[in-house]
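Everything on this sheet refers to the single structure shown next.
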There are 2 protein chains.
Amino acid sequence: MSGERRRRVPRRIREQQIIDVAVQVFARRGYHPASVDEIAELAGISKPMVYLYLDSKEGLFLACLRREAERLVAAFQGAARDVRTPELRLWAGLSAFFAFVAEHRDSWVVLHRQASQLSEAITAEVAQARRAVMAEVAGLVRDGIGEALGPVPVADEEADFVAHALVGAADSLTDWMERHPGESPERVTRRLMNMVWVGMRNVLAGEIWTPPAGSGAPGPEPAGTPGAPAAPEHSVQE
Amino acid sequence: MSGERRRRVPRRIREQQIIDVAVQVFARRGYHPASVDEIAELAGISKPMVYLYLDSKEGLFLACLRREAERLVAAFQGAARDVRTPELRLWAGLSAFFAFVAEHRDSWVVLHRQASQLSEAITAEVAQARRAVMAEVAGLVRDGIGEALGPVPVADEEADFVAHALVGAADSLTDWMERHPGESPERVTRRLMNMVWVGMRNVLAGEIWTPPAGSGAPGPEPAGTPGAPAAPEHSVQE
DNA sequence: GAGTAAATTTACTGGTGAGTAAGATTACGA
DNA sequence: TCGTAATCTTACTCACCAGTAAATTTACTC
């Protein structure tokens, strides 16, 4: 066959190669079922190299986590930078998120789906990453709404609520995108923004929608609309 | 305590006891790190019993999955039944969901977080359960909007989009609830409904919100999509 | 071309956990 | 009372996999 001898490669590069493969394998199999042997083999290397460079399986996973999280956050912030209004920054951030996931599906799987049932350190890392994203989004929300709505005392709690809903929706829409390859990240973003933009303002300004009273529905009755009209009229001050 | 001899128990009951424990352990540790030995021990039973009744670790997990999914769907549908308008049904369904998660956190963890990186059969089961939930929600959305908006041609695709966003948001808000124990499921539901109700109509009626044109908007999409046939990239109708 | 540090390998250990064989014990009806 | 079917246990096997010891080879420097 080919006389292709396995060339030696400096540590930095090898590390990245290992992490590249590891992200794929972790995404494919999940943390525990993934074996270091397989990762080493796919990386065209022997197992002790992995341990020499990344310390342990957990260390390897942490490295994957950190690198991919950094990339995602960078994409998010990079898109939002240099954009004037907070509304547009939110748009840009979401758009970048969808584009990122569309292009680096493995990264997203590792970051999100796989990182639950792991040992302390990892769980902490993931939780921190998630908190960071939440904070970022919550900030955009707060700023965006603050500007659009004027000096309204926007409680952090409210912004946090909106951020959670937004991130969760975006995350879930990731699956939807997978089944609709024709959809561009921009289009998905537009739909999502359209879906929540007005509502965000409502929530942050205090709740407006209430479940129409009566009608064996759960909960107390604020008794706002007696006849339970199908669509509670919203203050859509666009 | 001491003199208490271990009574024999008929199969049906033992199975439920085993599943009870398994749900806890799977939720706590995750699928792979969970050991059948531990589950057996906590169930006050020896390992072969588990294999006799549930066939395998995978069978055990599947049993957990099926039971908890059934419970969740039952709660969801039970709440929506006997409610007149679709809008209220959606409200009732979401409310029931939040109440369920608040009360059976382990069930939700098993159903959602743990069920990703597993062998064929399990992945399929989970995917099916998720699809069922999505379909349910999408149906409510379509009906609710259809009634509120009159005879509008609501594409299934649009309803599916909204359903994904809704379910994802609800899922994520689960975490938010954990950090806000004072919040009742009803209140969370109200906020979420307030946030998306108007937007849903917008999305289903065709997109309204568009990123304001020009303004140095995010253009970080250099990679060629110039000839994209499916989605007109810059349909920024002002 | 030595000399040296970095890159890399072969060949192991030890522990853990899924799954099972073979049999012991209890309830329960005829 | 006795049989028998269901319930339950002890005591294994076997494979897989994280992690390591010790050496071996390559590249780079002087």
Side-chain angles (χ1 to χ4, degrees), chain A residues 2-26 28-65 114-115 117-122, chain B residues 3-26 28-65 114 117-122:
Chain A
S2 60
E4 186 96 21
R5 301 202 48 184
R6 234 150 39 195
R7 250 192 102 55
R8 294 198 161 186
V9 163
R11 174 168 184 159
R12 304 287 175 72
I13 297 177
R14 209 38 124 195
E15 279 179 354
Q16 294 306 309
Q17 290 176 348
I18 295 174
I19 294 177
D20 286 341
V21 172
V23 167
Q24 287 175 240
V25 174
F26 282 135
R28 198 175 161 62
R29 304 231 192 272
Y31 179 78
H32 275 97
S35 84
V36 177
D37 290 272
E38 183 186 3
I39 292 171
E41 168 151 0
L42 287 184
I45 221 176
S46 70
K47 187 161 59 162
M49 292 296 298
V50 178
Y51 284 88
L52 181 65
Y53 288 165
L54 281 313
D55 283 337
S56 64
K57 186 181 185 182
E58 188 170 315
L60 172 58
F61 190 79
L62 268 173
C64 294
L65 222 51
Q114 305 300 345
Q117 72 280 15
L118 306 177
S119 34
E120 283 308 319
I122 294 182
Chain B
E4 187 92 22
R5 301 206 46 183
R6 229 137 61 182
R7 246 188 97 59
R8 294 198 162 187
V9 163
R11 173 167 186 160
R12 305 286 175 73
I13 297 178
R14 206 45 121 191
E15 278 179 355
Q16 293 307 309
Q17 290 176 350
I18 295 173
I19 294 177
D20 286 341
V21 171
V23 167
Q24 287 176 238
V25 174
F26 282 135
R28 197 174 164 63
R29 303 232 192 271
Y31 179 79
H32 274 98
S35 83
V36 178
D37 290 272
E38 182 185 3
I39 292 171
E41 168 151 359
L42 287 185
I45 220 176
S46 70
K47 187 161 60 164
M49 291 298 298
V50 178
Y51 284 88
L52 181 65
Y53 287 163
L54 280 314
D55 283 336
S56 64
K57 187 182 184 181
E58 186 170 317
L60 172 58
F61 190 79
L62 268 174
C64 293
L65 221 52
Q114 304 302 344
Q117 72 281 12
L118 306 177
S119 34
E120 282 309 318
I122 293 182

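By convention in this document, chain letters (A, B, ...) are assigned in the order of the sequence lines, proteins followed by strands, and residues within each chain are numbered from 1.
In the set C:dT8, C:dA18, D:dG19, the nucleotide with an atom closest to the side chain of A:S56 is D:dG19. Among the nucleotides D:dC17, D:dT20, C:dA7, the one closest to the side chain of A:M49 is C:dA7. Considering only the side chain of B:R11, D:dT7 comes nearest among C:dG17, D:dA18, D:dT7. With distances taken from any side-chain atom of A:I45 to the nucleotides C:dA24, D:dG19, C:dT9, the minimum falls on C:dT9.
Nucleic acid contact class of B:A34 (heavy atoms, under 4.0 Å, all strands): sugar-phosphate only. Within 4.0 Å (heavy atoms only), A:P48 reaches at least one base atom of the nucleic acid.
In this model, the phosphate group of C:dA6 is not approached by any side-chain N or O of A:Y53 to a distance below 4.0 Å at OP1 or OP2. Look at A:R14 and you'll find a side-chain N or O under 4.0 angstrom from OP1 or OP2 of C:dT8.
You'll find a donor-acceptor pair under 3.5 Å spanning the side chain of B:R8 and the base of C:dT25, going by distance alone. The base of D:dG19 is not paired with the side chain of A:K57 by any donor and acceptor separated by under 3.5 Å.
Rounded to an integer number of Å, the gap from CG of B:L52 to C1' of C:dA18 is 16 Å. Between A:I13 atom CD1 and C:dA7 atom C1' the separation is 13 Å, expressed in whole Å. We find that CD of B:E41 is positioned 12 Å from P of D:dT9, with the value rounded to whole Å. One can place CD1 of A:I18 at 10 Å from P of C:dT9, the figure rounded to the nearest angstrom. Look at CG on A:L60: it is 14 Å from C1' on D:dC17, rounded to the nearest Å. Whole-Å rounding puts the A:E15 CD to C:dA6 P distance at 13 Å. Here D:dA6 presents its C1' atom at 13 Å from CZ of B:R12, a figure rounded to the nearest Å. In this structure, the OH atom of A:Y51 is 17 Å from the P atom of C:dT10, given to the nearest Å.
Atoms NZ and CD, on A:K47 and A:E41 in that order, are 12.0 Å from each other to the nearest 0.5 Å.
In this structure, A:K47 and B:P10 both approach DNA chain D, and ranking their closest nucleotides by distance from the 5' end singles out B:P10.
Put simply, the side chain of B:R29 reaches to within 4.5 Å of the side chain of B:E38, judged on heavy atoms. Put simply, the side chain of B:Y51 reaches to within 4.5 Å of the side chain of B:V36, judged on heavy atoms.
Judged by the 6.0 Å and 45° rule, B:K57 forms no cation-pi pair with B:F26.
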Handout entry: Derivation of the side chain to side chain contact (heavy atoms under 4.5 Å, CB included) call for B:H32 and A:Y31
Key = CA-CA 9 Å; B:H32 274 98; A:Y31 179 78; over 6 Å; no

